[in-house]
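Bear in mind that the values here come from a model prediction, so they are computed numbers and not experimental data.
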Amino acid sequence: MGCDRNCGLIAGAVIGAVLAVFGGILMPVGDLLIQKTIKKQVVLEEGTIAFKNWVKTGTEVYRQFWIFDVQNPQEVMMNSSNIQVKQRGPYTYRVRFLAKENVTQDAEDNTVSFLQPNGAIFEPSLSVGTEADNFTVLNLAVAAASHI
């Protein structure tokens, strides 16, 4: 014994109505729960995931430098020859690897104060050359002063 066409339509309509009611109820309730969780976890308060990730980042940040080395400094100084430069680098440093220190929270102002240790560590494996390399570079301020 089966269900005829009318029975199938009624069953589909009932299931659709029940799902619509659940959706109508769960959308605002779900949004409320999600917002509550976000507000609880995103605030920079000790014990939250956001605070832990903010104090010390999990990823390393690198800064790379390229230097334009003047190849003919004597000719430029003596004869005012055109400058010939050679690009050297990259020289890579790891920065922002230290955790924030002296983190204090002010509940009245809802502010956070901290000290960010500043430092950079040379990364030879990501660099071309060493920190002991010597360069001759152009001082742009002095070079431009003669034309003013």
- Task: Kindly say whether L44 contributes a backbone atom to a donor-acceptor pair with the side chain of T48 at under 3.5 angstrom?
- Result: no

- Task: Would you check if V112 and V103 make a side-chain contact, meaning some heavy-atom pair closer than 4.5 Å?
- Result: yes

- Within a radius of less than 6.0 Å around CG of N118, do more than 12 heavy atoms belonging to other residues, nucleotides or ligands occur? no

- So, does T130 use its side chain to make a donor-acceptor pair with the main chain of A132 at under 3.5 Å? yes

- Non-hydrogen atoms of P73 and T136 that approach each other most closely: CB-CG2, 3.8 Å

- Query: For the side chain of D109 and the backbone of T111, is there at least one donor-acceptor N/O pair under 3.5 Å apart?
  - Reply: no

- Query: With no hydrogens and no angle check, do the side chains of Q64 and Y62 hold a donor and an acceptor under 3.5 Å apart?
  - Reply: no

- Take atom CG of L19 as the centre, draw a 6.0 Å sphere, and report whether it contains more than 12 heavy atoms from other residues, nucleotides or ligands. yes

- Residues, nucleotides or ligands: over 12 heavy atoms within 6.0 Å of N82 CG: no

- Task: Taking all non-hydrogen atoms of both residues into account, name the closest pair between P117 and K100 and its distance.
- Result: CD-CA, 4.2 Å

- Item | Nearest non-hydrogen partners of Q105 and E45, listed with the distance | NE2-CA, 3.3 Å

- For residues A120 and V95, report the shortest heavy-atom separation together with the two atoms involved. CB-CG1, 3.8 Å

- Query: With a 4.0 Å cut-off, would you call D69 and R88 a salt bridge?
  - Reply: yes

- Message: Is it the case that atom CE in M77 sees more than 12 heavy atoms from other parts of the structure closer than 6.0 Å?
- Response: yes

- Query: Does CD in E46 sit with more than 12 non-hydrogen atoms of other residues, nucleotides or ligands closer than 6.0 Å?
  - Reply: no

- Task: Determine the minimum heavy-atom distance between F122 and T92, stating which atoms define it.
- Result: CD1-O, 3.6 Å

- Identify the two heavy atoms, one from V70 and one from L138, that lie closest to each other, and give their separation to 0.1 Å. CG2-N, 4.0 Å

- Query: Is a side-chain donor or acceptor of N79 paired with a backbone partner of S81 at a separation under 3.5 angstrom?
  - Reply: no

